Colleague: 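The following block contains the structure, expressed as structure tokens.
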4 protein chains.
Amino acid sequence: MTSLNAVAPAPRRRESSRLAILDAALALCREEGYARLSIEGIAARAGVGKATIYRWWPSKGAVLLEALDREAAAVTAFPDTGDLVADMRTTFNDVIRFHASPDTGPAFAALIAEAQQDPALGPLLLEHFFMPRRAPIVQRLRQAQRAGQLPETLDVEAVLEVIFGALFHRLLLRSGPLDAAYANFVVDTVFAGTSAVQST
Amino acid sequence: MTSLNAVAPAPRRRESSRLAILDAALALCREEGYARLSIEGIAARAGVGKATIYRWWPSKGAVLLEALDREAAAVTAFPDTGDLVADMRTTFNDVIRFHASPDTGPAFAALIAEAQQDPALGPLLLEHFFMPRRAPIVQRLRQAQRAGQLPETLDVEAVLEVIFGALFHRLLLRSGPLDAAYANFVVDTVFAGTSAVQST
Amino acid sequence: MTSLNAVAPAPRRRESSRLAILDAALALCREEGYARLSIEGIAARAGVGKATIYRWWPSKGAVLLEALDREAAAVTAFPDTGDLVADMRTTFNDVIRFHASPDTGPAFAALIAEAQQDPALGPLLLEHFFMPRRAPIVQRLRQAQRAGQLPETLDVEAVLEVIFGALFHRLLLRSGPLDAAYANFVVDTVFAGTSAVQST
Amino acid sequence: MTSLNAVAPAPRRRESSRLAILDAALALCREEGYARLSIEGIAARAGVGKATIYRWWPSKGAVLLEALDREAAAVTAFPDTGDLVADMRTTFNDVIRFHASPDTGPAFAALIAEAQQDPALGPLLLEHFFMPRRAPIVQRLRQAQRAGQLPETLDVEAVLEVIFGALFHRLLLRSGPLDAAYANFVVDTVFAGTSAVQST
DNA sequence: AAGTAACCGAGACGGTACGTCCGGTCTTTGC
DNA sequence: GCAAAGACCGGACGTACCGTCTCGGTTACTT
């Protein structure tokens, strides 16, 4: 079915180059920091021409996003024990470990930062990184609404913005430790509040 | 008498240059965006040598921070009507107007972004921008604790991180409108939750 | 066959840029003087990136040397009428015209000057500019030695140093006119002396 | 007597600063080379404000010229044994020692170089350095003319230009050793030639 | 099996901005 | 009242990357 209308003859992309680029991007970001990351450097490290990167990615932010996405792919095991707040604690303990890891946290923060200057990266980040990962959490909250554990009128997406935003505060400003205690505090506070609040 | 303690001979800094630099930085940031902001450009616009900027500021982020600080100086009128949640709604409606303004919001977001790559800027931002502005809010919350309106054991600084973080989410990811409705939702949710939660 | 020994893939240098740079260097040197000559200015005038100059030349002196070399390429018609002193007069009248020309003289003087501060330029000047141009004169003098017109033991290279040095004196110190009379005086004096002197 | 008509209050120049500046200039030139010599550096080394240098000297070349002049003041013992060529050999052996010395040679070469780019320095060099030092040699040659040892019509100044120029060649281009053998060769060649040549 | 078209590595190119250094001027402060 | 100290504007330095481009050489479809 897919090949029926295939006008363009499928770009004969070299997979080994793609992987080398993603690996080089992550490694350089870890070792030198995002500020010192450059397309020039990625190309050299990956043993690849610069044009190969420009051919397939619009910006260095997009390269790192794809690299980080690959890295974070296996995290999303999402629990459903029936206890809503307990499940949320579990979930956001996972999330905060991702934020706190020296491998992924700084790169992730750098992506949010880069999105402020690269207009294309913000939507990319939202659609290809955040939304797919939040979808199961949203499902869980909607189900809780149907079960009467949460008010029907509650804007669950906004609730997630509050929780993730609270984590961003410590990730981006280093205003305190990114640990389980903080994650639990945020989850408890917000979900304690939700029963009394109706919507945006 | 004067020469007794006169260790450093007071740097004979030219105030007119300082102001020209701050104005140029803000104007260029507004007109071109932070990404296109450069020390070279600020110097040219301000009619100033680059060295004059490097002499007094460690980075372009620090320049913009000082410029933004001057701009945001007069915002901090803080109400105390006795109704805690109403006062908080008022306060964070002010805050969200700062975030939503095209003059200050993008520059502020850019500063948070820049802090991810400039290790010196994060603490600077925290100490010279956030903490002085949050101090009266913290005072108000402490007073509410003493009045029995909030649990004694509540970590009020963490509460503020949750609220400000929630605003950051929409500021940085543009995941939704930065309006009064969102500010009120966040305030209501968090303060409804605080009575049931003890501490970090 | 071609690929067997093809180790280095021949740097695909853009000839048009090379020529534009040489032309710009000479023109700027003429118009503004060597002191005001800068790599920045050459690049701007030639419509070329600075890196392109730094990639191919070690210094602005080397650029000007190559430019001057190209300019002076066609001068070297060297006569042999059998009359040694007459031929030398002809030759050094040519040389002194090169020194006296406002197009080439000041640039040439500037190169000698620059060689005092750029250790690499001195040898470059000697090997790529002076020696190739003096070679035919040395040949002529050697032949005169074989013909018995000059003492066999005479150090002809040293003789040329005396003559060229005498011209340098007026070129560099402007101690008198750089004209045919001076050239003839120098040639006559030195060659009148050579028959009585043996070597260094 | 001098102070009687002193309308302008005699610039109360601080001699200690003047000497410190000259010493610093010579020392830095020796240690770092003329290329790295800067007014900034001289001022710092001498413990003097930059303005103090600009007040009393027009350029760094002029500073070094004065410094070098002080250094070379005591060289000028000039012999008159009656044997013209022998005296000239003695004289130019002195000169070439000055050129060959690592303390004075490079600084002297640098001054000649600087004169190519600083229009004021050339005449300064000629009048305050060369001419006073050559005057006794010219006297000696004029006396030799009166004594019939040299042709009356000979341009003795031009003769000196040839000899000094020949030394410059090796000083500036390092085309061979600056030793007594070369000095003697130059003197012998030129003076052997002078008896047969009339004038410029 | 040859033709061919895209991808690939390499890296030169015109540019922009970096952060540093120095030139020459001007201002403040102290001796 | 000069001189030290040094801030100031300006401008060039040499470097690092940007994003584009051209060049040979490979690779994998097409014919």
Side-chain angles (χ1 to χ4, degrees), chain A residues 8-14 16-18 20 36-44 46-56 58-60, chain B residues 2-3 6 9-18 20 36-44 46-56 58-60, chain C residues 2-3 6 8-14 16-18 20 36-44 46-56 58-60, chain D residues 9-14 16-17 20 36-44 46-56 58-60:
Chain A
R12 286 166 323 191
R13 186 170 179 181
R14 195 175 292 176
S16 66
S17 293
R18 183 179 152 264
R36 309 192 68 81
L37 187 66
S38 68
I39 301 242
E40 199 114 5
I42 297 172
V48 140
K50 281 199 291 176
T52 302
I53 300 182
Y54 284 110
R55 216 188 325 268
W56 301 110
S59 64
K60 72 169 174 171
Chain B
T2 48
S3 61
R12 292 181 308 263
R13 184 169 182 182
R14 194 175 296 176
E15 187 66 8
S16 64
S17 293
R18 185 181 149 262
R36 309 192 68 82
L37 187 67
S38 68
I39 301 245
E40 198 115 7
I42 296 172
V48 140
K50 279 199 291 177
T52 301
I53 299 181
Y54 283 110
R55 215 189 325 271
W56 300 108
S59 63
K60 70 170 175 169
Chain C
T2 47
S3 61
R12 292 184 305 267
R13 186 170 179 181
R14 195 175 295 177
S16 65
S17 292
R18 185 180 150 263
R36 310 190 69 82
L37 188 66
S38 68
I39 301 242
E40 197 117 6
I42 297 171
V48 140
K50 279 199 290 177
T52 300
I53 300 182
Y54 285 109
R55 200 168 3 247
W56 300 109
S59 63
K60 71 170 173 170
Chain D
R12 287 175 315 180
R13 185 171 180 180
R14 196 174 292 178
S16 65
S17 292
R36 310 192 67 82
L37 187 66
S38 67
I39 302 242
E40 197 113 7
I42 297 172
V48 140
K50 280 199 291 178
T52 302
I53 300 182
Y54 283 109
R55 215 184 328 268
W56 300 108
S59 63
K60 73 168 174 171

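The structure presented is a predicted model; accordingly, all values stated were derived computationally and were not measured. All chains are named by letter (A, B, ...) in the order of the sequence lines, taking the proteins before the strands, and each is independently numbered beginning at 1.
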Colleague: Let me know the distance between CD1 of D:Ile42 and P of F:dA4, rounded to the nearest Å.
Modeller: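 Atom CD1 in D:Ile42 sits about 14 Å away from atom P in F:dA4.
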
Colleague: List in chain and number order the residues that pass side chain to side chain contact (heavy atoms under 4.5 Å, CB included) with A:Ala20, two or more places apart in sequence or in another chain; answer none if no residue qualifies.
Modeller: A:Ala46

Colleague: Listed by chain and number, what are the side chain to side chain contact (heavy atoms under 4.5 Å, CB included) partners of A:Arg36, not counting sequence neighbours?
Modeller: A:Glu32

Colleague: Does a nitrogen or oxygen in the side chain of A:Arg13 sit under 4.0 Å from OP1 or OP2 of E:dC7?
Modeller: no

Colleague: Please report, rounded to the nearest Å, how far the C1' atom of E:dA12 is from the OH atom of C:Tyr54.
Modeller: 18 Å

Colleague: Once you round it to whole Å, what is the distance between C1' of E:dC18 and CD1 of B:Ile53?
Modeller: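 Rounded to whole Å, this separation is 13 Å.
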
Colleague: Is any side-chain N or O of B:Arg55 closer than 4.0 Å to OP1 or OP2 of F:dC8?
Modeller: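 Looking at the OP1 and OP2 atoms of F:dC8, one of them is under 4.0 Å from a side-chain N or O of B:Arg55.
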
Colleague: Between C:Arg14 (CZ) and F:dT22 (P), how many Å, whole number?
Modeller: 8 Å

Colleague: Over how many whole Å does the gap from A:Lys60 atom NZ to F:dA16 atom C1' extend?
Modeller: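 To the nearest whole Å, that distance equals 12 Å.
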
Colleague: According to a strict under-4.0 Å criterion, is C:Thr52 in side-chain N/O contact with OP1 or OP2 of E:dA12?
Modeller: no

Colleague: Indicate whether OP1 or OP2 belonging to F:dC8 is found under 4.0 Å from a side-chain N or O atom of B:Trp56.
Modeller: yes

Colleague: Could you list the residues that satisfy salt bridge (charged side-chain N to carboxylate O under 4.0 Å, His left out) with B:Lys60, not counting sequence neighbours?
Modeller: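 Scan of B:Lys60 (salt bridge (charged side-chain N to carboxylate O under 4.0 Å, His left out), adjacent residues dropped) gives none.
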
Colleague: Could you work out, with side chain to side chain donor-acceptor pair (under 3.5 Å) as the rule, every residue matching B:Ser59, not counting sequence neighbours?
Modeller: B:Asp118

Colleague: Listed by chain and number, what are the side chain to side chain donor-acceptor pair (under 3.5 Å) partners of D:Thr52, not counting sequence neighbours?
Modeller: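 D:Thr52 satisfies side chain to side chain donor-acceptor pair (under 3.5 Å) with no residue once adjacent residues are dropped.
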
Colleague: Flag this pair as yes if the NZ/CZ of C:Arg18 is under 6.0 angstrom from the six-membered ring centre of C:Trp56 and inside a 45 degree cone about the axis; otherwise no.
Modeller: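 Not flagged: C:Arg18 not positioned over aromatic ring of C:Trp56.
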
Colleague: What protein N or O atoms touch nucleotides 10-12 of chain F N or O atoms at under 3.5 angstrom, if any, and at what distances?
Modeller:
none

Colleague: Quick one: B:Glu15 CD to E:dC26 P, roughly how many Å, whole number?
Modeller: 22 Å

